[in-house]
2 protein chains.
Amino acid sequence: MGMLKEDLAELAECGLPAALEAIGERWSFLILRGAFNGLHHFEEFQSTLGIARNILANRLGKLVQHGILARTPLPDDRRKIEYRLTEKGAELLPTMLALRQWGERWETGCISNPVLVDERDSQPIAKIAIHAHDGRELGLHDLRWMHAEDIKEIGTSRLRAVA
Amino acid sequence: MGMLKEDLAELAECGLPAALEAIGERWSFLILRGAFNGLHHFEEFQSTLGIARNILANRLGKLVQHGILARTPLPDDRRKIEYRLTEKGAELLPTMLALRQWGERWETGCISNPVLVDERDSQPIAKIAIHAHDGRELGLHDLRWMHAEDIKEIGTSRLRAVA
DNA sequence: GTTTTAGGTTGCAACTTACTACTTAATTCA
DNA sequence: TGAATTAAGTAGTAAGTTGCAACCTAAAAC
């Protein structure tokens, strides 16, 4: 994969540091995984993850501040607080899956429950991968770094995916 | 997305904690991003990222231990150590991109340099997304968690993607 | 053979995390 | 209604991690 040795300063501005600021602390990612798997309450997170209560309170608070989780007291039992993924939080799913798949492939060596499946046919999802704008899957050698300014728009078959 | 309220114990065994053990510490991810963008030497990482030298040494050491970076003294100047991504490390690229894209979409609000493009047509890659085994893109509502044991193999059109 | 460079290590202060016990408010139970 | 329980969170303190600056070592350059 060709790299640009220049523009290293620009690295500091990319989306990664911002993302890590929001979810890069110890436990944040595991809390999110819990949320994706159906945990919604303080005590559920605490007993499932075994995290210290003050750290959990702190992390939940930060995730809420960042708009990743929504905090709602339930109307029928106002002691109970429900933490639920917002759209912003839910959009971390591809990241989570990619990291989990990597861990399964290179660290644990085995696929673990529960498995995410396509609702239509109950078959496991494909491995998270890099695709061209037209849908072709790209390997590491099909890729290059480029300056945004140098990219020429061409007749885009089905762009819109780039966000 | 349907969740299973059971098997929370199993969460502890999934690939995520293992992955986080390897790259979940502060700075590790940014060091990797540097490696993806062409950094190879201690002083390059240090001056580009502004990380403390002892922390950098510690993190590089852990990444090497985990087989994510390879450490090679250069033959023509044996003071110089080259850190280079292994295959295992390079396979973190989808995770990195997914997280970076999320950060750009939800935190910084803008796309930043350098951009990863398809070498064939120099167009930016598609957004990292979740796909069915047959290649259809899946939204959050097309997904369900399931026990691996309950999944029936069916005539797999082009499986092999599941890892 | 002195100086410079690359890649570290060391010591210490500041910050973060973890463990345990306590608090507060809403709900249930007797 | 009043006592016990539960959900969520706070407080105190010990242990671990991070960050800064100065120092070290071996190879290369002058």
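Scope of the values below: all heavy atoms of this structure, side chains included, with no hydrogens, waters or symmetry mates. In what follows, chains carry the letters A, B, and so on, assigned in the order in which the sequence lines appear, proteins first and then strands, with residues in each chain numbered from 1. Since the structure is predicted, the reported quantities are computational estimates derived from the model, not experimental observations.
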- Message: For the residue pair Asn113(B) / Glu149(A), report whether a side-chain donor-acceptor contact shorter than 3.5 Å exists.
- Response: yes
- Query: Of the residues in residues 55-67 of chain A, which ones touch DNA chain C at a heavy-atom distance under 4.0 Å?
  - Reply: Ile55(A), Arg59(A)
- Task: Might you work through the salt bridge (Lys or Arg N to Asp or Glu O under 4.0 Å) test for Glu91(A) and Arg105(B), ending with a clear yes or no?
- Result: CA-CA 10 Å; Glu91(A) 290 221 356; Arg105(B) 162 102 207 276; 3.2 Å; yes
- Message: Assess whether a salt bridge exists between Glu43(A) and Lys80(A), defined as any Lys/Arg side-chain N lying under 4.0 Å from an Asp/Glu carboxylate O.
- Response: no
Enumerate the protein-to-nucleotides 3-8 of chain D contacts in which both atoms are nitrogen or oxygen and the separation is below 3.5 Å.
residue : atom : partner  : partner atom : Å
dT6(D)  : O2   : Arg79(A) : NH1          : 2.6
dA8(D)  : OP1  : His41(A) : ND1          : 3.2
dA8(D)  : OP1  : Ile81(A) : N            : 2.9
dA8(D)  : OP1  : Ile81(A) : O            : 3.0
dA8(D)  : OP2  : Phe42(A) : N            : 3.4
dA8(D)  : OP2  : Glu43(A) : N            : 3.2
dA8(D)  : N7   : Glu43(A) : OE2          : 3.1
dA8(D)  : N7   : Arg53(A) : NH2          : 3.0

- Item | Arg136(A), CZ: over 12 other non-hydrogen atoms inside 6.0 angstrom | yes
- Query: Is the shortest side-chain N to carboxylate O distance from Lys62(B) to Glu21(B) below 4.0 Å?
  - Reply: no
- Task: Begin from the C-alpha positions of Arg100(B) and Glu107(B) and carry the test salt bridge (Lys or Arg N to Asp or Glu O under 4.0 Å) through to its verdict.
- Result: CA-CA 10 Å; Arg100(B) 176 178 166 181; Glu107(B) 295 286 334; over 6 Å; no
- Considering non-hydrogen atoms only, spot the tightest contact between Ala22(B) and Ile68(B) and give its length. CB-CD1, 4.0 Å
- Query: Contact boundaries of DNA chain C with chain A (under 4.0 Å, heavy atoms), 5' to 3'?
  - Reply: dT17(C) to dT27(C)
- Item | Closest non-hydrogen atom pair, Arg26(A) against Arg59(A) | O-NE, 3.1 Å
- Is it true that the side chains of His133(A) and Asp121(B) contain a donor and an acceptor less than 3.5 Å apart? yes
- Message: Can you work out whether Trp27(A) or Pro75(A) has the more 5'-proximal nearest nucleotide on DNA chain C?
- Response: Trp27(A)
- Item | Heavy-atom closest contact (Ala90(B) atom, Leu140(A) atom, distance) | CB-CD1, 3.5 Å
